[in-house]
Amino acid sequence: MALQVPLVLGDGIASGTSSPGIVDLSDSKWTLSNPAMDISVPASFPSYAHIDLYANHVIGNPEYGLNDFNLRWIWKQNWTYITSIPDIFPDYDQSFLLFQGLDTFTTIELCGQHIAHTNNQFRQYHFNVTDVLAHCEGPAALSLNFGSAPHITEDIANEAGQTDWPYGVNSLFTIPHRQFMRKEQNDFGWDWGPAFAPSGPWLPGFVVQLNRGQQVHPRNVLVDIYREGQRNNLIPDQSKPWVVNASIDYIGKPIDNPSLNFVLRDAMNQTVAEGALQNVTSAPGVVTGLTTVPSEGVDLWWPVGMGPQTLYWLTVNAIGPGNITVASVTRRVGFRTIVLNSLPVPDEEIAMGVAPGNHWHFEINGHPFFAKGSNFIPPDVFWPRVTPQRIRSLFDTVIAGNQNMLRVWSSGAYSPDFMFDAADEMGVLLWTEFEFGDSFYPVDKDFLDNVYEEAVYQVRRVNHHPSLTYWAGGNEMEQILLYAKQTHPSEFERIKGEYEKLFLSTLFPAVFENSRSISYSPSSTSNGFISLNFTDAPYMQQRYDDKEPGHIYGDTDYYQYDSSVAFNTSVYPFGRFANEFGYHSMPALHTWQEYVPEDELSFNSTTVIYRNRHYPPGGLNTSNWQNTSMGMAEMTVAAERWYPTPNKTNSIANFSAWCWTTQVFQADYYGSQIQFYRRGSGLPQRTLGSLYWQLEDQWAAPTWAGVDRAGRWKLLHYRARDLYSHVIVSPFWNATTRELELWVSSDLWEGVRGTVDAQWYTWDGEEVNMEGGLRGQEVMVGALNSTKVSTTTLDDHADNLVMKATLMATGKLPNSGEMTTFRHTNWFHATPLSQAKLVDPGLALEYVAEDKRFTVKATSGVSAWTWLDTPAGAIVAFDDNGFWLGKGETKKLGYRVIRDDTDGSWVKQVAIQSLWNNTLAE
């Protein structure tokens, strides 16, 4: 039986419980008001103005058509949330307002009196309102007025002494001046999403009232679990005992001579350890202590695919005078070390063939591993609509895609506790970033003080989660700094000083002053540090571009929109870790139909063109035809260059075929890069990570996502799923030398043995004997490594053929003593499929109701990019899709239903196609 402990929110209030001194503002009746526009409607809490206006039919669906343009009047207004709270009593000893998130520029009034202004979406705010309530007549009226963030940031930008730097991407997106606010940066637009700039109380809020017997209320909790002697960014000694450091942030009167005790329980409610915390210290509003737990006393937490996700419940009690418990908090924790190793490559590894320089990879519980995953963006244009169920469904998709890590991109919002809870349970590692990206930010004292409070709160809030992997200061910050060095060399030292003031002297201390268990880097992509200390600012000496020839440093991101070099591996970056790479594609027809009028369903319709934000508009103009047409053209040219061009007589069918073909290119291109980075695990660059851009969409548009807005898997997610298998066989083709290499890559922690078969076929499925074919070629791959199986120089005859390579291998999964069989199949063609002699593969599809499986067979030829398409009312994830089949080959497919509005009838409406269908007029 699982331990029934209430889940605790970030504010320390147990979800689903009530206390006579706590009023959940979500239970109050709220009104959204704008007197200037004569609008007054019922509202929710938490919420945004857009959400409540839509719920009350004042506006249509913000995501439909071109409503992001049509609804700009909303962000140009101030909006007020008003409620009356009858359950507040003035005779409590102390009363506080406690807000988890106000977005962003807020004026708060209670009982007609001004309480405060706020200016940070990411901070928790609490205000002592005891005196105000003492003089409040009748029900307590609470008013939250939210100012227009675009207008306010424009005013800030025009203040004397402010600099709106031209570097980065400040000038590219829709609404200017985003760097002057502590608000979700992509609310002002990005190249995959709209600019709604919403405002409102986006997270829960409470009234907390305390009497003399209820002295304090926990508002936040830090739990830091690390190995004895461990420090940030350094490799811990796995033989040392665990240190558990616990700290309670509280509101209320100071606790006199406090002490702390703890109880650690496992999932079966058995006590693992208990006792008093030692070295208790107290400061205004916070009490801290620590203890040690023997290493053998607990089981380790592991990411998915590497071991079990063992979790414990830690309860910490604050004890006041008279041995009375004045506060009690519970957090679910795991025991693990996760470190970003960016230390110099040691001589013994150089002797084994690793290029000199510095590492850049993650190690879990002392084990380096290959990070397989993608980048996570805000999954909705309005965060209050994101539910725990939606995140868990998305994480199901992540795990089904053989991914173990998500980079939670900065310039969105910090992940809610329920997202970390799901990641803890499911074993998904969350690379986490502070909310800064692609810009230089102000460094005046008020701004930095605001940022420091934000960072400290967020670090302490989430540090207990074992899925928390790493803190980065922001997105691509080092790149824009080095770009400024190239373009404005005379200003570089001053710009670098300001950069380091924010990312090294403000954010890094917020991490290492509160946690020893998490690594930090000032930028998502970086060449790493030269030296590190914890006593003197700037604490890290960054390498920047001070690189020795022949040495490899840091992680990479890579984008190349010239599709003529799409599969040329010689232009891919040689780095230790690939954290971003990609190319945009269209969502599926059925997803477009949910958000776009029927008469606009064509590739270059006005609505489709304007919903595309690549390339960004560079301002508030709604006629972004020139910029966005370039992005549309990139998809068009790629599809025409590499695949048969759709030209169907039915306009909707033609649009659907074009959308799908852009997905084929995206999947094909990402697949080339994923295999390149996985092969790099066994080459001098020692690449140990591949996180593609991006996992999911927040609206329906051409984007880099592998899962579209409706939740449909694009072809990319299936292709990445296949290539993120533990052991894969990969062809690498050099069109210049005409050399074909076959490689096997493994991310397992023990060696793998197997055999590779490679067979050539004509497109109509007949076997051909020629150079490069293999029969039972034995292969041995070392732990977390890759090895070359063969090299063949092909003659011109191969241009009309296709190769199928199959791997059969055995090895052990991490933390498993049992041998496992691994099978992987890949296909190779020297000629672009736009020029290949494709034939009708004669696809046959059958649904076997008893087994709940589909059977697909190619009866007359090789089927390239075989695709099962469900009807509009169903969203289904198949065991595989977008696969290849040889003539006579059969594939059986199970499935998971994500959404079904057809009452199960979808199974009779599944259509099947391959790339051959692009050559047909119907």
Side-chain angles (χ1 to χ4, degrees), residues 299-311 334-341 361-376 392-408 420-431 465-470 577-579 674-675 677-678 681-682 687-692 695 706 717-730 744-752 754 781-786 807 809-824 877 879-880 896:
D299 292 327
L300 295 174
W301 182 94
W302 296 93
V304 62
M306 302 179 217
Q309 290 75 58
T310 306
L311 296 167
F335 289 80
R336 62 87 181 96
T337 63
I338 181 79
V339 178
L340 170 61
N341 182 353
H361 65 257
F362 294 96
E363 299 185 8
I364 182 75
N365 299 322
H367 293 268
F369 65 94
F370 198 100
K372 302 180 296 188
S374 53
N375 284 255
F376 175 96
R392 287 179 181 272
S393 178
L394 194 57
F395 282 6
D396 283 338
T397 296
V398 169
I399 292 173
N402 290 324
Q403 301 186 25
N404 55 39
M405 181 182 289
L406 294 177
R407 175 183 167 229
V408 184
F420 276 104
D421 287 336
D424 293 344
E425 294 173 20
M426 302 170 78
V428 179
L429 292 166
L430 299 181
W431 162 333
H465 292 285
S467 57
L468 176 66
T469 302
Y470 159 65
F577 194 108
N579 71 62
I674 290 172
Q675 292 174 93
Y677 299 128
R678 291 205 61 180
S681 65
T687 306
L688 291 180
S690 163
L691 307 180
Y692 63 81
L695 172 67
H717 197 75
Y718 286 105
R719 184 61 173 149
R721 178 183 189 267
D722 174 63
L723 296 175
Y724 280 155
S725 300
H726 285 298
V727 189
I728 64 172
V729 58
S730 299
V744 174
S745 301
S746 170
D747 66 6
L748 299 177
W749 289 341
E750 294 187 28
V752 174
V781 188
L784 197 58
N785 219 314
S786 63
L807 166 74
T810 57
K812 294 181 181 178
L813 292 171
N815 290 299
S816 171
E818 298 182 2
M819 297 297 292
T820 301
T821 299
F822 302 96
R823 179 185 177 91
H824 186 253
D879 289 347
D880 198 2
R896 175 172 64 90

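Computed from a prediction, not measured in an experiment: that's the story for all the values here.
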Enquirer: Do the side-chain N and O atoms of D722 and H824 include a donor-acceptor pair separated by under 3.5 angstrom?
Expert: yes

Enquirer: Give me the atom names and distance for the closest heavy-atom approach of I674 to S690.
Expert: CG1-OG, 3.8 Å

Enquirer: Which atom names give the shortest non-hydrogen contact between F395 and A422, and what distance separates them?
Expert: CD2-CB, 3.9 Å

Enquirer: Quick one: does W431's side chain get under 4.5 Å of I338's, heavy atoms only?
Expert: no

Enquirer: What pairs with R392 under salt bridge (charged side-chain N to carboxylate O under 4.0 Å, His left out), at least two apart in sequence or on another chain?
Expert: E425

Enquirer: Between V398 and F376, is any pair of side-chain heavy atoms under 4.5 Å apart?
Expert: no

Enquirer: Quick one: closest heavy-atom pair of N815 and G307, and the distance?
Expert: ND2-CA, 3.9 Å

Enquirer: Looking only at atom types and distance, does a side-chain atom of H726 sit under 3.5 Å from a main-chain N or O of G811, one as donor and one as acceptor?
Expert: no

Enquirer: What's the verdict on side-chain contact (heavy atoms from CB on, under 4.5 Å) for V744 and S786, showing C-alpha distance, side-chain angles and the deciding distance?
Expert: CA-CA 6 Å; V744 174; S786 63; over 6 Å; no

Enquirer: Please enumerate all residues that pass salt bridge (charged side-chain N to carboxylate O under 4.0 Å, His left out) together with D424, with sequence neighbours excluded.
Expert: none

Enquirer: Starting at OG of S681, measure out to CG of L688 and round the result to the nearest 0.5 Å.
Expert: 6.5 Å

Enquirer: Quick check: do L430 and L468 have side-chain heavy atoms less than 4.5 Å from each other?
Expert: no

Enquirer: Rounded to the nearest 0.5 Å, what's the gap from CD on E818 to OG1 on T810? Could you check?
Expert: 13.5 Å

Enquirer: Hey, is the main chain of D880 close enough, under 3.5 Å, to the side chain of R721 for a donor-acceptor pair?
Expert: no

Enquirer: Report the distance from atom CG of D396 to atom CZ of R896, rounding to the nearest 0.5 Å.
Expert: 5.0 Å

Enquirer: For Q675 and S745, does a side-chain donor sit closer than 3.5 Å to a side-chain acceptor?
Expert: no

Enquirer: Of all the heavy-atom pairs spanning L748 and S746, show the shortest one and how long it is.
Expert: N-OG, 3.2 Å

Enquirer: R407 and side chain to side chain contact (heavy atoms under 4.5 Å, CB included): which partner among N579, L695, L429, T469?
Expert: N579

Enquirer: I'd like to check I728 versus R678 (side-chain heavy atoms, cut-off strictly below 4.5 Å). Are they in contact?
Expert: yes

Enquirer: To the nearest 0.5 Å, what is the distance between OG on S467 and CE on M426?
Expert: 11.5 Å

Enquirer: Distance-only criterion, 3.5 Å: show the donor-acceptor pairs between side-chain atoms of residues 361-373 and protein atoms not counting sequence neighbours.
Expert:
from : atom 1 : to   : atom 2 : distance (Å)
H361 : NE2    : E363 : OE2    : 2.9
E363 : OE2    : N341 : ND2    : 2.8
N365 : OD1    : T337 : N      : 3.0
N365 : ND2    : W301 : O      : 3.1
K372 : NZ     : Y724 : O      : 2.7
K372 : NZ     : D747 : OD2    : 2.6

Enquirer: Check whether any side-chain N or O of N375 sits under 3.5 Å from a backbone N or O of L691 as a donor-acceptor pair, and report yes or no.
Expert: yes

